[in-house]
Amino acid sequence: MALPKSDLPQGTLDMLILQVVALGPIHGYAIARRIRQVSNDALQILQGSLYPALHRLENRGLLRAEWQESETGREARFYRLTPRGRAQLNTETANWTRLADAIALVLRSAEGGDR
Amino acid sequence: MNWWRRLVHREQLDRDLDRELQYHVDRQVEDNLQAGMTADKARRLVRVQFGGLEQVKEDCRDARGTRWAHELAADLLYACRLLVKERGFTTVAVAALALGIGVNNTFFIVINAVCLRGLPINDANRVLYVATRDAHERDAGVSYKDFRDLEAGTRAFEGLAAFATAPAVIGGEGSAPERAAAAYVSALTFRLLHERPLLGRDFVPTDDAAGAPRVVLLSSALWKTRYGSDSAILGRRIQVNGLTSTVIGVMRVGFRYPDGASVWQPLALLPGLMNQSRDSRALGVVGRLRDGAGIAEASTELEAAAGQLARQSPDTNNGIRIIGMPINDRYNARLTDPVWLAFMTAGLLVLLIACANVANLLLMRASERTREVAIRFSLGATRVRVVRQLLAESAIVALLGGVAGLGVSLVGARLLSVALTGNAPYWLQFTMDARGFLALAAVCVSTVFIFGLAPAVHASKTEISGRLHQAGPGSIGGLRARRWTSTFLAAEFALTTVLLAAVIVGFRNYGAARATEVAINPAHLLTAWVSLPAERYPTPEQRLAFYERVQQRLRGLGGVSSAALATALPFGGATARALQVEGQPVVSEAPPIVSTVTIDDRYFEALGLPLVQGRTFAEVAGVAKEHAVIVNQRFVAMYFPDQTPIGRRVRLGDAGDLQGASWLTIIGVCPTIRQRAQGVDSDPVVYLSLQEDPPAAVALLLRHTSDEASLPPLLRQELRSLDPELPLDRVMSMGHVISESKLGGRVSQALITVIACIAICLSVVGLYAVTGHAVVQRTHEIGLRTALGAQSRQVMGLVLQRALTQLGYGLAAGVACTGAWQRLLGDPTQRYRLTDPVTLAMVAGIVISVAMAACVRPARRAAQLDPVAALRHD
C-alpha cells in the first residue's frame, strides 16, 4: 500500500478524516475543504491521497458510504462513521494526545536541562 | 462491503469511483471559477491538486485489497488460453506429470494403508496393546494368570481384554464343515474396542466363565456366505470345532479383529486355558485408557505390575517386562523400515524425473517466448509479475497432471489390491482418504515449484534490449537455458540409472535364488490342509492315531501313488528354533536359528526327492524315531562342512532353555528344499518326525496320476468318513503353492519394473525433445558448417556428442546415487548389490543404447539439412 502523499505523519490523515466525518455525514470534497479550514490552511492535503485513504477506511469497516443528494442538488458519496470507526477514533485521539503530552514534557525538560 | 463482494462487484465499484471523483473535480472547478479564475486555469489547478486522476483511481482500487486476486485470475485465464493453443506441449507435459504424480500417489496410497492409517478402531490412539519382553528383549504375549493379575492391578485402563486366535471348524446342519479364522476373546473385548454387534448381543462376563453355555459371535462375512444373511440366525445352534454352540450375534461388516477372525468365542472356552502356566505367554492383550490417563501413566503401572509379578513368581516372571504401546504401533509397518523407505524413494524419483522433463519442456518453450516476455517487460511488467504469470501456467499444468495422476493412482491401487487379494491383512484398504488428498495436493503444489520455478526465473532474467534483439529462435537462445536443460536431463538419467539398477539387481537376485533351489516337480502333486481342533483332539496320542488313519486311507486312494503329511509345505515357511550342535561351542546369548519342519515317513517320497545320504525315519532301526532327525544339505554345509553328519547329534529349543532339550541324532541328509520364498540362501532345515510331536494341523501332499479336478472330492469323502466335522482346507496344487508363496516378491519386482520403465520412457522422451530442439536452434550454425564443407557424419557427431555428454554426466551421477541407495536402503542379505559392476554395466548398456536410439532421428535430420534453406532460417 502506498504511503499517503502528504507531509503528514503516517496515520495522521486517517485520524483527521475520522475526526471530520465524526461531525456528521459528509462527502469527499467537503472533507478536503473542512480539513483546510479547521487547520487554517496549514494542512493542505493532496486530493490524490484523500480518496485512497477514504476507500481504505471504508474497506476496513471504519466508514460507511452511500449516495445522497448534496447541497448543490447533485448526488455525492457521503461518508459516515461506523461504531468501529468511532471506537478507532477514540483510541487514536487518546494515543495522539498522550504522545503530544509526552513530547511537550520532553521538550520542556530539555529546555530546563540547557540552563 | 466485505472482501469477497469487493472482488465480485468490481465494475460497480469502478463506476462509483468515477462518479465520486468527477463530483469532486466539478465542485473544485466551480469553486475555482467563482474565485475568479479562467476556465482553463481552474481546470489545470484541479489537475495539479489531484496529481493524476488515473493514479488516484489506481490507488483507490489498491485500497480494496483485491488486486492480486484479479491479476491472478487474469494470469490463469491467459495461461489456459495458451495451453489450449499449444495442445502438443500441454499433452506431453500433463502426461509426464500424470505418470510421475500417479506413481508417487499410488505408493503413498500403499504407505498410507500399511504404515499410517492403522486399524479401523474408534479412537484408536487411546487403545493400548499390552505385550511382554523377556530378558533377551524378545516379544511375547501375556499368560492367562498374568492377565488376571494385571486386570486387578492396573487403574489407568477402563479395562483390559485378552484374546487368542486359532482356526476353527464351523459345521453342523448337514452342510459341509468349513474352516474359519477364529478368536477366543474375553468378555470386555468388544466394549473396549467400541464395537457393538450388528445383530444380537455382545459377550457378557457370565458367558466368559468355565462351564457357561457355549455361545458364538459371527462376522458379517461368514453370516452372509454360510448362512445367507439369515435374519433368524440368533439362537441358532451350530457346530464350532464339533461342539454345539449358540449364535448370539453378528458383528458389523469389516470388523475382523483380531487377525481377521470370522468367529468369536468367549476366552474361557479356549481349551486348557485355566491350566496354562504363568510362562505360557500366548494371549494378546488390549486395553483402553481411562479418561484422563495417559500412555505414560499406563506404562508406569504395567512396569510396576511386572515387578510385582516377578517378586511373587520369580521362577516364571524374572526379567519379564510388560509394555503398553498404541495399538496401531503394533499393527502398522514402520515407515523407517528400509523396504518402505526404498518404496517412497522410488516413488519420489519417478516424480522428480517427470518434473525434470516438464521443466525442460518449459525451458524450451521459454526460449521460443523471449519476444513475448520482452514485450511484457517493456510495457512495465515487474519481474515478479512475469514470474508469477509463468508460474500460473505451471500451476495449471500441475493441476491437470494432478487430476490425471489421481486417476492413474486409483487404477494402480486397484490393480495392487487385486494382486494382493487374500494375502494382505483384513484392514488394509488401498483407498484415498483425507490424508491421501492432502498429500496429493502437497505434491501438486510442490511440483509447480520444482519444475516451474527455474524456467520462470530464467525467462524473467534477461535485459529487455537483449530480449528484443535476440528475438528469433535461431539466435543464441540463451546459454543459460541450455545449461539448465542439460542439468535437468543429466538428473533424469541419474535417477533412471538408480531405478534401473534396482530392477536389474532384483532380477539377478531372483535368478540367483532360483539357482540354489531344488526343483520340485509340481505336476501331479496336490496339497491340502487338515487341522484338528483342540476341543476334540486334546492329546498327542489322539492326534497321532488320527494321522495314522489318514495315512492309511490316502494310500488306499485310487490314483494316488504316494501320500505324506508335514507341518509346512515347501515354500510355505517353517518354525524357527534355536540350535546347538554337539561338540561345537555353545553361544547361549545368540544361538544359531534353524528352520524345523515336522514330516512323516513318506515326505521325501511324495516330493520325489530321494535322500542324498542316510535313511528316512521309516528305514532307520536302532534309534527311537522321536530322537531322529533329517537335515538338508544347506544345514550340512553350514554346520558340518567336510564332515559326515550322520550319527552326529543336535539339540533344538527356545533360545533361553536349550539345555533342557534332548539330543537328536541325524540319520539322513536330504536335498535343500526351500521353505522361505524370499532371500537368496535357503535356510538350514531340520526335519523332525511327526511321531515326536503330532501337530494340531498338517498339510497333506499327494503324488497322483489322476487329474487335478477329480481328486479333491475323493479326498473330502475319505476325510468325512474319518471325521465328518473336519474340513479340508486350502486344497491346491503344488504349483499354485509355489507361485503364491512368491507373490509378494513378484508384486514388488513388477512394481519397480513398471516404474523403471516409466522412468526410462520419460528420460528418453526428454532427451529426444531436447536434442530435437537443439537441432532446430542450431539450424543456422549447422547450415553454415555444411556450407563450409562439413560432412553429414560430422554433423551427426556434433548432435550426438552433446547428447552423450549429458548422458555421461547423468550416468556418473546415477552410479554415485546407486552407492547411496545400496548403503541406505539395500538389503544386505541379497547376493548382488546395486553397485555390482556387472549390474552397472548392464544399466549403462541399456541407458546408452536407448538414448542413442532416441537421438538418431534428430541427428539424421541435422545431417540432412539443406544448407541453403538452413542459412535462410531465422
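Residue numbering restarts at 1 for every chain, and letters A, B, ... go by the order of the sequence lines.
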- Message: If you apply the rule side-chain contact (heavy atoms from CB on, under 4.5 Å), what do you find for A:Arg74 with B:Arg19, and how did you get there?
- Response: CA-CA 11 Å; A:Arg74 246 176 91 178; B:Arg19 260 174 87 196; over 6 Å; no
- Message: What verdict does the side-chain hydrogen bond (donor to acceptor under 3.5 Å, both in side chains) test give for A:Tyr29 and B:Asp26, after you've listed the backbone C-alpha separation in whole Å, the side-chain angles of each residue and the deciding distance to 0.1 Å?
- Response: CA-CA 10 Å; A:Tyr29 182 69; B:Asp26 292 349; over 6 Å; no
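Salt bridge annotation for A:Glu58-B:Arg64: absent, with no cationic side-chain nitrogen under 4.0 angstrom from a carboxylate oxygen.
In this structure, NE2 in A:His27 is found 3.5 Å from OH in B:Tyr23, a value given to the nearest 0.5 Å.
Enclosure of atom CZ in B:Phe449 is not indicated, since only 12 or fewer non-hydrogen atoms of other residues, nucleotides or ligands lie within 6.0 angstrom. Counted within 6.0 Å of CG on B:Asp40, heavy atoms from surrounding residues, nucleotides or ligands total 12 or fewer; the atom is thus considered open. Residue-environment remark: CD (B:Glu11) stays at or below the threshold of 12 foreign heavy atoms within 6.0 Å.
Side chain of A:Asn59 to main chain of B:Trp3: no donor-acceptor pair is present (N/O by atom type, distance under 3.5 Å, no hydrogens or angles).
Considering only heavy atoms from C-beta on, A:His55 stays 4.5 Å or farther from B:Arg6 through its side chain. In this structure, A:Pro52 and B:Asp62 have side chains that are not in contact, with every pair of non-hydrogen atoms separated by 4.5 Å or more. B:Asp59 places none of its side-chain heavy atoms less than 4.5 Å from the side chain of A:Tyr51.
Heavy atoms closer than 4.5 Å to chain A are found nowhere in B:Leu53, neither backbone nor side chain. Contacts between A:Arg33 and chain B at a heavy-atom distance below 4.5 Å involve the side chain alone, from C-beta outward. Both the backbone and the side chain of B:Gln28 come within contact range of chain A, judged by heavy atoms closer than 4.5 Å. Residue B:Arg67: no heavy atom, backbone or side chain, is found under 4.5 Å from chain A.
When all heavy atoms of A:Gly28 and B:His24 are compared, the closest pair comes out as C-ND1, 4.1 Å.
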